[in-house]
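Written out below as structure tokens is the structure these notes cover.
The first residue in the sequence is number 1, and the count goes up from there.
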Amino acid sequence: MCCLANGTTGAAYCQFMDVLFTGCIPLKKVKFDAKLEHEYIHNFKLLQTSFKKAGVDKIIPIDKLTKGKFQDNFEFIQWFKKFFDANYDQKEYDPVAARQGQQTAAVPKTKGGAAHEHFKGGRRDTPGDAAPMRASPSRAVRPAPSRKPVTDKLADEFNQLKLTEANIEKERNFYFGKLRAIELICQEEEVDRGNPVLQKILDILYATNVSTATTWG
């Protein structure tokens with residue numbers, strides 16, 4: 001879950017916003033080597049401010065993201081990936097120069113050595129999805145006319161976001177399959193016999209909120 005932890009700091013999102021709308025966020029204020037929760041909060045507040053400057057109508061659930069809540073981070077990564085694809089125009093960008101040489105938290109290398117492939121494709125509109133949105137042209141900060149090519153390091157960071165999304169979805173499906181198997185056993189074998197224990201298991205499975213599901217004793 002190291003990839004998810006990197007997203008929790010907020011630093012990578014800040015850099016990606018600067019890729020999309022150069023100058024919309026003061027990268028010198030971003031804590032790229034953040035290790036404490038108050039530093040994560042600081043980064044996400046900068047990100048929220050950059051959203052407003054770029055005309056992005058999105059409220060960041062800062063408290064949930066900085067505490068590493070699984071589902072909230074997964075959903076935000078999915079949203080940001082679609083948002084990035086909808087706005088990225090493949091302009092040249094040097095991430096190290098943009099953050100003035102600040103060191104970032106270690107990001108594990110990915111297999112296959114094809115990190116640049118994730119920056120191909122340019123702008124992409126997906127009308128069927130609610131998440132992707134383009135920033136308002138009247139408010140977005142204009143990108144710099146020329147910069148060095150996107151480096152392997154920034155491409156790797158973006159690759160980690162995509163890999164995290166795929167891994168979390170795979171894990172979610174794995175546990176969903178187990179719960180479904182338990183449900184079928186309860187329904188087919190014992191419920192008709194009035195077994196109160198198995199009926200309670202079904203009640204937990206069908207609970208519609210976290211508090212209900214965790215208060216059964």
Side-chain angles (χ1 to χ4, degrees), residues 1-54 56 58-81 83-85 87-88 91-119 135 141 143-144 147-168 171:
M1 300 302 293
C2 58
C3 302
L4 187 61
N6 287 337
T8 300
T9 71
Y13 295 121
C14 291
Q15 182 98 63
F16 287 129
M17 274 300 289
D18 193 60
V19 172
L20 298 177
F21 310 109
T22 304
C24 74
I25 187 168
L27 291 184
K28 64 181 180 180
K29 294 183 179 180
V30 176
K31 299 182 184 298
F32 284 96
D33 59 347
K35 298 180 178 64
L36 301 175
E37 185 175 337
H38 74 272
E39 294 176 321
Y40 306 161
I41 293 174
H42 168 82
N43 287 343
F44 275 109
K45 286 184 177 179
L46 291 176
L47 182 64
Q48 185 70 81
T49 300
S50 74
F51 279 7
K52 293 179 180 179
K53 289 183 179 179
V56 180
K58 174 71 173 178
I59 302 300
I60 303 173
I62 297 177
D63 184 62
K64 294 178 180 179
L65 296 180
T66 55
K67 291 185 182 303
K69 290 183 178 295
F70 179 92
Q71 186 64 26
D72 296 296
N73 275 274
F74 177 50
E75 291 175 357
F76 190 76
I77 286 174
Q78 285 186 311
W79 176 86
F80 195 89
K81 167 62 172 59
F83 168 73
F84 187 94
D85 286 347
N87 288 277
Y88 182 53
K91 68 176 180 290
E92 296 181 343
Y93 184 82
D94 184 345
V96 177
R99 61 176 179 262
Q100 300 179 359
Q102 289 190 70
Q103 295 298 314
T104 61
V107 176
K109 295 295 183 180
T110 58
K111 296 180 180 180
H116 279 296
E117 293 179 0
H118 299 286
F119 273 85
V141 179
R147 282 198 177 189
K148 296 180 181 179
V150 176
T151 67
D152 288 341
K153 188 172 181 64
L154 184 59
D156 282 344
E157 291 175 357
F158 185 75
N159 187 34
Q160 293 310 311
L161 290 177
K162 293 193 69 175
L163 184 61
T164 297
E165 177 184 346
N167 287 341
I168 294 176
E171 184 175 352

The side chain to side chain donor-acceptor pair (under 3.5 Å) partners of Lys45 (sequence neighbours excluded) come to none
Begin with the C-alpha distance, continue with both residues' side-chain angles, and end with the deciding distance and a verdict on side chain to side chain contact (heavy atoms under 4.5 Å, CB included) for Phe84 and Leu161.
CA-CA 11 Å; Phe84 187 94; Leu161 290 177; over 6 Å; no
Correct closest heavy-atom pair for Ala34 and Thr9 would be O-CG2, 4.0 Å
Is it true that a side-chain atom of Gln15 and a backbone atom of Ala98 form a donor plus acceptor pair closer than 3.5 Å?
no
Report the distance from atom CZ of Phe74 to atom OG1 of Thr164, rounding to the nearest 0.5 Å.
10.0 Å
Which heavy atom of Thr8 sits nearest to which heavy atom of Asn73, and what is that distance?
OG1-OD1, 3.7 Å
Could you grab the distance from atom NZ of Lys52 to atom CG of Leu47, nearest 0.5 Å is fine?
11.5 Å
Minimum heavy-atom separation for Gln102 to Leu27, with atom names?
NE2-O, 3.0 Å
Is it true that a side-chain atom of Asp72 and a backbone atom of Leu65 form a donor plus acceptor pair closer than 3.5 Å?
no
Only counting residues at least two apart or in another chain, list the ones meeting side chain to side chain contact (heavy atoms under 4.5 Å, CB included) with Glu75.
Gln71
Can you tell me if Gln48 uses its side chain to pair, donor with acceptor, with the backbone of Lys58 under 3.5 Å?
yes
Going by atom types only, do Asp18 and Tyr93 share a side-chain donor-acceptor pair under 3.5 Å?
yes
For Ile41 and Ile62, what are the C-alpha separation, side-chain angles and deciding distance, and is it a side chain to side chain contact (heavy atoms under 4.5 Å, CB included)?
CA-CA 7 Å; Ile41 293 174; Ile62 297 177; 4.2 Å; yes
Would you call the rings of Phe21 and Phe83 parallel, tilted or perpendicular, where under 30° means parallel and over 60° means perpendicular?
tilted
Kindly compute the distance separating OG1 (Thr66) from CD (Glu39), expressed to the nearest 0.5 Å.
12.0 Å
Which distance, rounded to the nearest 0.5 Å, do you find between the CD1 of Ile25 and the CG of Leu20?
11.0 Å
According to the interplanar angle, ranging from 0 to 90°, do the rings of Phe51 and Phe80 count as parallel (below 30°), tilted (30 to 60°) or perpendicular (above 60°)?
parallel
If you apply the rule side chain to side chain contact (heavy atoms under 4.5 Å, CB included), what do you find for Ile77 with Glu165, and how did you get there?
CA-CA 7 Å; Ile77 286 174; Glu165 177 184 346; 4.2 Å; yes
Side chain to side chain contact (heavy atoms under 4.5 Å, CB included) between Phe44 and Tyr13: does it pass, once the steps are laid out?
CA-CA 8 Å; Phe44 275 109; Tyr13 295 121; 3.8 Å; yes
Report yes if some heavy atom in the side chain of Phe70 is under 4.5 Å from a heavy atom in the side chain of Glu171; otherwise report no.
yes
Val30 to Cys14 - nearest heavy-atom pair and separation
CG2-CB, 3.8 Å
Smallest heavy-atom separation, Cys24 atom then Ser50 atom, equals O-CB, 3.5 Å
